[in-house]
Amino acid sequence: VQLVESGGGSVQAGGSLRLSCEVSGYAWSTFCMGWARQAPGKEREGVASIDNDGITTYGDSVKGRFTVSRDNAKNVLYLEMSGLRPEDTAMYYCAADLLVIAGLRRCQPPTSDDNYWGQGTQVTVSS
C-alpha cells in the first residue's frame, strides 16, 4: 500500500482546504482509511476515519468542521477542512488500517504505528 498526500498549504483562520490522498494497493476499497495530524512537540492525533461502508468517525476537535470522504473509483481519500483555526496547524497524514479487515480492531481515526502511512502534507493556519 502506498499513500501520497497533497493539498496542504497556508490559510488564514476561518479558511478552508481540501487534502487528497492517492492510494495504490490491492482492494483498497475494503480498507479502513483515515487522517491524523501531528504538530511539533505534540503526539499524533487521529482526525477522521472512513470504513469500507462509508461510515465516518471524527476526533472531537474537528467534529462539525472536517469531512472525510473517499472515491473508490479514483483511488483517492479526501479531507475537507473548513473553519480552520490556528490550532489546526500540523502535518497531516493519510493512513490505511489493514488490521480492521482482519477483525482485530474497529475503524477509527488512526494513531497507531502499525498503520500504513503517507509522507504527510503541511497545513498552516494563521490568525
Side-chain angles (χ1 to χ4, degrees):
V1 178
Q2 290 188 321
L3 309 170
V4 180
E5 302 95 333
S6 62
S10 297
V11 297
Q12 291 192 325
S16 301
L17 279 175
R18 186 176 80 162
L19 306 184
S20 299
C21 174
E22 293 188 24
V23 184
S24 60
Y26 176 73
W28 94 278
S29 63
T30 65
F31 299 168
C32 166
M33 299 295 299
W35 292 92
R37 66 188 182 186
Q38 189 165 21
K42 295 188 177 181
E43 292 188 354
R44 185 185 294 154
E45 176 189 9
V47 171
S49 62
I50 182 167
D51 71 10
N52 58 315
D53 291 323
I55 297 173
T56 57
T57 306
Y58 297 93
D60 288 342
S61 62
V62 305
K63 283 180 181 176
R65 300 188 298 123
F66 290 12
T67 302
V68 61
S69 62
R70 64 195 299 165
D71 186 332
N72 290 335
K74 295 182 179 180
N75 286 14
V76 182
L77 178 75
Y78 298 103
L79 185 68
E80 298 270 4
M81 306 185 294
S82 63
L84 284 163
R85 306 166 181 167
E87 54 264 38
D88 293 318
T89 295
M91 187 73 79
Y92 283 71
Y93 298 91
C94 171
D97 189 344
L98 272 62
L99 294 185
V100 173
I101 301 174
L104 297 178
R105 60 188 176 211
R106 63 183 178 88
C107 189
Q108 59 189 342
T111 57
S112 177
D113 288 344
D114 59 12
N115 288 315
Y116 284 87
W117 293 96
Q119 84 290 348
T121 186
Q122 178 68 38
V123 172
T124 302
V125 185
S126 58
S127 57

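In what follows, every heavy atom counts, from backbone to side chain, and hydrogens, waters and symmetry copies are set aside. FYI, the numbering just counts along the sequence from 1.
Atom CG of Asn75 and atom SG of Cys21 lie 10.0 Å apart (nearest 0.5 Å). Between Ser82 atom OG and Leu17 atom CG the span is 10.5 Å, to the nearest 0.5 Å.
With hydrogens and angles disregarded, no donor-acceptor distance shorter than 3.5 Å links the side chain of Arg37 to the backbone of Thr89. Within the 3.5 Å criterion, the main-chain N or O of Ile55 finds no donor-acceptor partner in the side chain of Asp53. Remark: the backbone N or O of Thr111 is paired with a side-chain donor or acceptor of Arg44 at under 3.5 angstrom. Remark: the backbone N or O of Tyr78 is not paired with any side-chain donor or acceptor of Ser20 at under 3.5 angstrom. A distance-only check finds a donor-acceptor pair linking the side chain of Glu5 to the backbone of Gln119 [under 3.5 Å].
Looking at heavy atoms from C-beta onward, Leu98 lies in side-chain contact with Phe31 at the 4.5 angstrom threshold. Pro109 has its side chain within reach of Thr57: a pair of non-hydrogen atoms, C-beta onward, lies under 4.5 Å apart. Put simply, the side chain of Val100 reaches to within 4.5 Å of the side chain of Cys107, judged on heavy atoms. Within the 4.5 Å cutoff, the side chain of Glu87 has no heavy atoms near those of the Ser61 side chain.
Within a 6.0 Å radius of CZ in Arg106, no more than 12 heavy atoms belonging to other residues, nucleotides or ligands are found. Dense packing is recorded around CD of Gln108, with more than 12 heavy atoms of other residues, nucleotides or ligands lying under 6.0 Å away.
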Run the side chain to side chain contact (heavy atoms under 4.5 Å, CB included) check on Arg70 and Val23 step by step: do they pass?
CA-CA 10 Å; Arg70 64 195 299 165; Val23 184; over 6 Å; no
Query - CA sep, side-chain torsions, deciding dist, call: Trp28, Val1, side chain to side chain contact (heavy atoms under 4.5 Å, CB included) - result: CA-CA 8 Å; Trp28 94 278; Val1 178; over 6 Å; no
- [ ] Could you give me the CA-CA distance, side-chain angles and deciding distance for Leu79 and Val47, then say whether side chain to side chain contact (heavy atoms under 4.5 Å, CB included) is met?
- [x] CA-CA 10 Å; Leu79 185 68; Val47 171; 4.2 Å; yes
For Phe66 and Leu84, run side chain to side chain contact (heavy atoms under 4.5 Å, CB included): C-alpha distance rounded to whole Å, both residues' side-chain angles, the deciding distance at 0.1 Å, then the answer.
CA-CA 9 Å; Phe66 290 12; Leu84 284 163; 3.8 Å; yes
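When every heavy atom of Lys42 is checked against every heavy atom of Gln38, the shortest pair comes out as O-NE2, 3.0 Å. Minimum interatomic distance between Ala95 and Asn115 (heavy atoms only, all atoms of both residues): CB-CB, 4.2 Å. Looking at every heavy atom in both residues, Ser127 comes nearest to Pro86 through CB-CG, 3.9 Å.
Ion pair Asp88/Arg85 not flagged as a salt bridge, since none of the NZ, NE, NH1 or NH2 atoms sits closer than 4.0 Å to an Asp/Glu carboxylate oxygen.
The only option from Val62, Leu19, Leu77 that meets the side chain to side chain contact (heavy atoms under 4.5 Å, CB included) definition with Val68 turns out to be Leu77.
Using cut-offs of 30° and 60° on the angle between ring planes, the pair Trp117 and Tyr93 is perpendicular.
Hydrophobic clustering, with ILVMFWY side chains joined whenever heavy atoms are under 4.5 angstrom apart, groups Met33 together with Ile101.
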